[in-house]
Amino acid sequence: MSWEDNVRKVVPYTPGEQPKVKNIIKINTNENPYPPAPAVQEALRTMDVDQFRKYPDPTCDVLVTALSDFYKVDKEKIFVGVGSDDVLAMAFLTFFNSDKPVLFPDITYSFYDVWADLYRIPYRQIPLMDDFSVKIDDYFVPNGGIILANPNAPTGAQLPIDAVEEVIKNNPDVVVIVDEAYADFGGQSVLPLIDKYDNLLVVQTFSKSRSMAGMRVGYAFGCKKIIKYLLDAKFSFNSYTMNMPALELGALAVKDRAYFEKTVSMIINTRERVKKQLIELGFEFADSKTNFIFARHKEKSGKEIFDFLRANNILVRRWDAPRISDYLRISIGTDEEMDILISKLKEFLNK
Ligand code: PMP
């Protein structure tokens with residue numbers, strides 16, 4: 001018998017590579033290519049570091065208030081955390097506590113099975129259809145909870161919100177988490193449904209559409225009861241999840257609606273242009289409503305293209321996993337970055 005027998009062992013999630021070198025086109029982790037709102041930069045420059053002596057506000061009020069004003073949602077229906085990973089990890093811990101399996105697609109955010117393993121939550125991964133769509137009937141079976149990323153990652157495909165509502169409505173005995181990390185890029189949000197269904201938790205993030213992946217800010221909406229349960233778990237785990245700069249700067253980022261809308265629409269425009277160019281080059285993909293495109297080439301393998309791009313200082317993401325090993329997930333960068341990507345792909349394909 002060794003202490004190692006009692007270790008809570010888990011195979012961790014593998015985050016996308018964060019290369020140290022500078023001269024690389026980094027379109028592998030769905031980061032936003034534009035800087036955060038101007039007020040964020042200004043506030044950071046003038047921030048009073050003497051405040052760091054004190055603990056941050058455990059209720060995160062400045063950030064919750066800014067989100068409440070932006071989304072017109074009561075403060076009691078909002079939860080914030082250290083990126084949506086922290087919000088999701090806390091939600092798994094709080095709501096997925098049944099002997100029945102939690103359900104999620106086989107191809108989705110690859111952190112879900114890791115949290116389930118970590119907490120010893122039983123789960124079942126339900127295969128997506130061949131076109132990467134979700135067959136909602138698969139979710140009308142006894143279960144211990146459901147999580148759907150919508151739009152899904154890494155596929156980029158959006159499940160119509162009527163279908164998401166069917167899943168929520170047909171599973172009143174469990175919590176349904178809808179991970180909307182990418183919903184700002186032209187997808188539809190189920191946020192309005194939080195007042196209709198008390199078993200719904202909607203999770204979003206500042207990492208993509210608000211250009212703040214490095215600051216680690218995520219949030220969730222739900223009915224007052226569901227948020228109270230989440231807060232009870234959080235305050236039983238770590239009172240001070242969010243640091244003072246993340247709270248202050250996050251609030252400033254939310255307040256600049258015009259900048260948010262401008263940068264999101266720039267990314268959507270670039271994405272739509274790149275879709276057409278990729279199709280011309282022989283790629284195919286499910287239509288993306290996100291800041292990335294999950295594409296495979298009709299003739300070349302995913303690995304070949306990945307390696308060529310890598311050798312040319314362009315980093316995309318690829319998983320050596322069943323069903324998706326020929327796909328590349330290409331984040332939408334600036335127009336200049338995407339032009340270089342397309343010209344390198346043309347070079348590789350002799351076009
Ligand atoms: N959900 C999905 C579907 C994601 O792709 C990501 C990004 N890796 C996250 C949640 C977590 O993002 P963050 O913790 O930066 O908010």
Side-chain angles (χ1 to χ4, degrees), residues 12-18 26-33 36 60 63 67 78-93 102 104-116 118 125 128 132 134 146-159 164 176-190 201-221 230 234 241-243 246-247 249-250 253-254 260 267 271 286 288-294 315-319 321 324 327-332:
Y13 170 76
T14 315
E17 187 183 342
Q18 296 290 12
K26 186 177 179 302
I27 44 177
N28 69 329
T29 52
N30 301 339
E31 289 148 334
N32 194 309
C60 307
L63 180 61
L67 288 165
I78 302 175
F79 178 86
V80 294
V82 188
S84 55
D85 281 342
D86 178 49
V87 176
L88 290 164
M90 202 48 66
F92 269 60
L93 180 65
V102 166
F104 48 88
D106 62 337
I107 303 169
T108 191
Y109 186 30
S110 48
F111 222 135
Y112 300 157
D113 52 319
V114 176
W115 286 312
L118 175 68
Q125 292 164 293
L128 292 177
F132 292 153
V134 172
I146 293 171
I147 177 157
L148 292 172
N150 200 41
N152 196 9
T155 68
Q158 160 99 27
L159 180 62
V164 183
V176 177
I177 301 176
V178 183
D179 177 353
E180 295 188 348
Y182 300 100
D184 289 330
F185 299 102
Q188 287 176 295
S189 173
V190 288
L201 188 76
V202 184
V203 180
Q204 298 191 357
T205 179
F206 282 48
S207 298
K208 323 291 175 181
S209 53
R210 288 194 171 85
S211 306
M212 298 212 359
M215 196 40 74
R216 312 305 298 130
V217 184
Y219 53 106
F221 303 109
L230 208 43
K234 172 213 142 141
T241 49
M242 303 202 62
N243 64 59
L247 295 174
L249 303 177
V254 185
F260 165 76
I267 289 167
R271 178 189 73 205
S288 167
K289 294 281 185 211
T290 63
N291 66 338
F292 58 85
I293 300 170
F294 192 56
L315 189 57
V316 297
R317 188 121 192 234
R318 174 179 169 266
W319 287 267
I324 59 170
Y327 283 82
L328 302 174
R329 194 192 64 187
I330 304 166
S331 307
I332 303 300

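Every value quoted in this text rests on a predicted model; they were computed, and no experiment measured them. Each ligand, and each atom within it, is numbered from 1 in the order the structure gives. Here, residue 1 is the first one in the sequence, and each next residue gets the next number.
Proximity of a side-chain donor or acceptor of Glu180 to a complementary backbone N or O of Val190 within less than 3.5 Å is detected. Checking side-chain atoms of Asn32 against main-chain N and O of Lys208 turns up a donor-acceptor pair under 3.5 Å.
Taking the side chain to side chain contact (heavy atoms under 4.5 Å, CB included) definition, one finds that Lys26 meets it with Gln18, Pro19, Ile24, Asn28, Thr29, Glu31, sequence neighbours left out.
An N or O contact shorter than 3.5 Å links Ser84 to ligand 1 by distance. Taking distance alone, with nitrogen or oxygen atoms compared against 3.5 Å, Arg216 approaches ligand 1 more closely than that limit.
Atoms of ligand 1 lying under 4.0 Å from at least one heavy atom of Gly83, given by number and element, are 14 (O), 16 (O). Counting the atoms of ligand 1 from 1 in the order shown, those under 4.0 Å from a heavy atom of Thr205 are 13 (P), 16 (O). Set against the non-hydrogen atoms of Ala181, the atoms of ligand 1 under 4.0 Å away are 1 (N), 2 (C). Taking a cut-off of under 4.0 Å to the non-hydrogen atoms of Lys208, the atoms of ligand 1 that pass are 7 (C), 8 (N).
How far CZ of Arg329 is from CD1 of Ile27: 11.0 Å, rounded to the nearest 0.5 Å. In this structure, Asp179 CG and Gln204 CD are separated by 9.5 Å, a value rounded to the nearest 0.5 Å.
Using 4.0 Å as the threshold, Phe111 has no heavy atom nearer than that to any atom of ligand 1.
In terms of protein heavy atoms, atom 15 (O) of ligand 1 is closest to Ser207 OG, 2.6 Å. When hydrogens are left out, the protein atom nearest atom 4 (C) of ligand 1 is Tyr182 OH, 3.7 Å; that is the closest non-hydrogen contact. Here the heavy atom of the protein found nearest to atom 11 (C) of ligand 1 is Asp85 OD1, 3.1 Å. Atom 3 (C) of ligand 1 has its closest protein heavy atom at Asp179 OD2, 3.3 Å.
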What donor-acceptor contacts under 3.5 angstrom involve side-chain atoms of residues 78-93, with partners at least two apart or in another chain?
from, atom 1, to, atom 2, distance (Å)
Asp85, OD1, Tyr109, OH, 2.7
Asp85, OD2, Tyr109, OH, 3.4
Asp86, OD2, Val82, N, 2.8

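Screening Ile107, Asp106, Thr155 for a side-chain contact (heavy atoms from CB on, under 4.5 Å) involving Ile324 leaves a single residue, Ile107. Tested against Tyr327, the residues Phe132, Trp319, Phe292 include a single ring pair (Phe, Tyr, Trp, His ring centres under 6.0 Å) partner, Phe132.
Which of Phe292, Phe206, Tyr109 comes nearest to atom 9 (C) of ligand 1 through a heavy atom is settled by distance: it is Tyr109.
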